[in-house]
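Protein chains get the first letters and strands the later ones, always in sequence-line order, with residue 1 at the start of each. What you see below is based on every heavy atom in this structure, not just the backbone, and it leaves out hydrogens, waters and symmetry mates.
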Amino acid sequence: MLYEPQKIEPKWQRFWEENKLFRAEDFSKKPKKYILVEFPYPSGDGLHVGHARSYSALDAIARKKKMEGYNVLFPIGWDAFGLPTENYAIKTGIHPQKVTEENTANFKRQLKSLGLSFDWSREINTTDPKYYKWTQWIFLKLFEKGLAYQAEIPVNWCPSCKIGLANEEVVGGACERCGAVVEKRTLKQWMLKITAYADRLIEDLEKVDYLDKIKTQQINWIGKSYGTEIDFQVESSGKKIPVFTTRIDTIFSGTFIILAPEHQLVKEITTKEQKNAVEKYVKEAAQKGELERSELEKERTGVFTGAYAINPANNEKIPIWIADFVLAHYGTGAVFADAHDQRDFEMAKKYNIPLKVSLRPKNDDLWERVKNLKVCYPEEGILVNSAQFDGLTSAEARKKITTWLEKKGAGRKTVNYKLRDWVFSRQHYWGEPIPIIHCQKCGVVAVPEKELPVELPYVEKYQPTGTSESPLAVISDWVNVKCPGCGGRAKRETDTMPNWAGSNWYYMRYCDPENDKLIADSKKLKYWLPVDWYNGGFEHTTLHLLYSRFIYKFLYDIKVVPQPEPYQKRTSHGVVLAEDGRKMSKSFGNVINPDEIVNKYGADTLRVYEMFMGPFGETIAWSTQGVKGVYRFLEKVWRLFSQCIENKESSPQILRAVHKLNKKIDEDLEATKFNTAVAAFMEFVNLCQERKEKVGKGTLEHMLTLLYPLAPHISEELWRLLGQKESIAFQKWPKYNSKLIEEETITLVIQVNGKVRDKIEVEADISEEKARSLAISREKIKNRISDKEIKKVIFVPGKLINIVI
RNA sequence: GCCCGGGUGGUGGAAUGGUAUACACGCAAGACUUAAAAUCUUGUGAGCGCAAGCUCUUGAGGGUUCGACUCCCUCCCCGGGCACCA
């Protein structure tokens, strides 16, 4: 009998679906496991083999958990709002909704052909009004609590497409769509106050089991730093400039102040004499793109405002400058500058601004050069020229100077973050409308909850307007509404939400996908949440993963969800590159279509290959040869069946091997070491083949239950061919017999001075004395030792003996 | 520049203080075949040697240890993230 995956796979997929094998049961008495993979964006390119990597892995986990007796929820849906679909629709004239329907159908067909154990009865789609009603509801709650607000901020503007771009639409300073260089324009945008949750987003990482790499990246992204805020009085004016620093230990060498060009005090403090120069500089800085501004590392530029401030530490009068390397959006948009910062140092040298030193390095030669302002010394040191603080280390000085400034009322201990609030408006058609109404009298008014969802109007024209408004702005009968407050004339908000909006909370909806009264029933949320294991791409660590944690925490605060963290465990899979080591891309013509692999080798081969190709977390290039290797392995499994059908016991060696395999698979699957799990199966099959002996039915069944999570179709088929009436999915996950695994004999390694010189087969529990006399009696070892004195013997029971001479 | 990973045969990789190179690919030889494919068998880190065997080998150098791919220090290279962050 031949192994023909094309015949057996669709059969079992149909069987599993018709018998509702993978339906999750609300409130089951069994313990629950919520296994989640990131839901795909249904693009026109179809399923990527990278999706298949993540899904095959967690499918194996989900199937194993089910066998272990858990009530498993393993759902799937569609993250379908977004730009690629809108762009495609603009290009082809096919409505985005139609495009989405087609792409979704294609993705669904592809996912089903892989035989993944999703509970399709809970399928969701972010573009469904019944779904985005609740996306809008969350926005209203955020608005109610003051966490959604409007602000005038600079946005990326494409002068060619005449449209605002999100950061993710800007590639290397250029428009992703047309390639034009992006400018900055100030527009009124909706913002979400994620910064209010910065501390909790860091602290609560302690409560969850994420890969360390993921935790570190989130912590760095939030970028919490402790420091001091100091007030500099502007000379002969009531104004003060607050400045944030982490290096208050260098305050006594602060000889000038630098403001960001966008700093609000620039206009107010600039003197008449400097007005022209300052205005010119500010204008130039605004015109420079982000790219240009950060590229210009070589040459420092700046301009003097003409104004002076007082350094509160030593009451010295110091000049106030402007420079574009000072960022408006970090700290207070102003810094005090000194000889102990590379950038400040370079700028002072260029414009002949006086400098002095206040930190002494340990190295005397270096100190000589630092003292004479030959080099910048940005490290920590011992304080000098710092009045009563002389002689302290930088760390000590930071504490004492901060306390001293606090007493004088000129400064305070403070904390800063790199994390910024989240721009939540898009001037696009294909997204959730923001449920807000602008009334001339009442101002910004929330759409009443009972009027949700605010449906996206189905129109023929969804092209950009060319102004800085969304395409929705031109649909006058949709835009013009009565104010829910006063009944007067009002207009709808025409911006839509970014596609992170729908993916922020989607995993909650799987718990209760049909509910039209609530985001989800609270008892169901309590039963299923948190997600026990969530797998997705590393690239979502600082966007989707962080955003969705923030939204969940907010929902926890308003008592919608039961705990403060949504995901108990988070893992990430590595990217699958093309065979040539580059990214898979249509333009390179190197894309692997999963359909082709499934047609030629079957879903089981694709799934097992994706697990075998390399360590789960690493970036790996595709190898078609490697796929063939896995296919050969599955053929060997098939042959094992045709050779072993007779009803008898396996030999003790095979029996031991299958129990060892059991242990290995158990451990490797939990640790996401899928590649070595597959290797262990291969070793087992090779062993059976080498021994040329018929394997007993029981042993084969044992092996098939272990293989089932990774290669479900072939396992189910052979299981039935062995005469089983019930699906293999209902089998208990097998337990290994640890006594059977124990070996009676072992290979004892004999080392001389740490080098392997001989090996002997001995009983497993050999004593040290016996091992020693055996080792010394060996010819090879005798020759090595000859007349030399044995200094020491190290014996590792069951492993080795090392003779030191 | 900073923060995370990583560097092991011709290739993807295995081994987290105890037999380096599991497993797979590729390659070579043989069997089957009119032939090819598929399959099976054997071999396959490098060097020396007819052979038994010996020597070397985990990016480079040092250290700890009876013993280091594994731990520590210095450096080089590659991948990812952040980046004028005060």
What integer number of Å spans the [atom1] atoms of [N] and [M]?
N	M	atom1	answer
B:rG30	B:rC78	C1'	42 Å
B:rU21	B:rG45	P	10 Å
B:rG13	B:rG6	P	13 Å
B:rC72	B:rG7	P	14 Å
B:rC73	B:rA20	P	26 Å
B:rC23	B:rU41	P	13 Å
B:rG62	B:rC76	C1'	15 Å

Verify the contact: side-chain N or O of [X] to OP1 or OP2 of [N], cut-off strictly under 4.0 Å; return yes or no.
X	N	answer
A:R639	B:rU39	no
A:K673	B:rA15	yes
A:N675	B:rA14	yes
A:Q217	B:rG5	no
A:N686	B:rA24	yes
A:K792	B:rC66	yes
A:R757	B:rU19	no
A:R300	B:rC84	no

Minimum-distance nucleotide (side-chain atoms of [X] versus [options]):
X	options	answer
A:T216	B:rA86, B:rA24, B:rC3	B:rC3
A:I620	B:rC3, B:rG26, B:rG12	B:rG12
A:K418	B:rC85, B:rA20, B:rC56	B:rC85
A:Q625	B:rA86, B:rG26, B:rG18	B:rG26
A:N802	B:rU39, B:rA15, B:rG67	B:rG67
A:F612	B:rC84, B:rC4, B:rG12	B:rG12
A:Q689	B:rU41, B:rC25, B:rA24	B:rU41

Can you tell me the Watson-Crick or wobble partner of B:rC75, both distances under 3.5 angstrom? B:rG59
Which base, if any, makes a Watson-Crick or G-U wobble pair with B:rC50, both distances under 3.5 Å? none
In the structure I gave you, are the side-chain heavy atoms of A:F616 and A:N675 within less than 4.5 Å of one another anywhere?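 No, too far: nothing below the 4.5 Å cut-off.
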So, are [X] and [Y] salt-bridged, with charged N and O less than 4.0 Å apart?
X	Y	value
A:E690	A:K636	no
A:E768	A:R772	no
A:K664	A:E683	no

For the atom pair NE2 (A:H263) and CG (A:L327), what is the distance rounded to the nearest 0.5 Å? 12.5 Å
Nearest 0.5 angstrom please: A:I322 CD1 to A:Y281 OH, how far? 8.5 Å
Taking CZ from A:F674 and P from B:rA22, how many angstroms apart are they, rounded to a whole number? 24 Å
Whole-Å distance, A:R784 CZ to B:rU55 C1', equals 11 Å
Between B:rG18 and A:Q751, counting only base atoms on the nucleotide and side-chain atoms on the residue, is there a donor-acceptor pair under 3.5 Å? yes
How would you label the glycosidic angle of B:rG9: syn (within 90° of 0) or anti?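 Here B:rG9 takes the syn form, which means its glycosidic angle is within 90° of 0.
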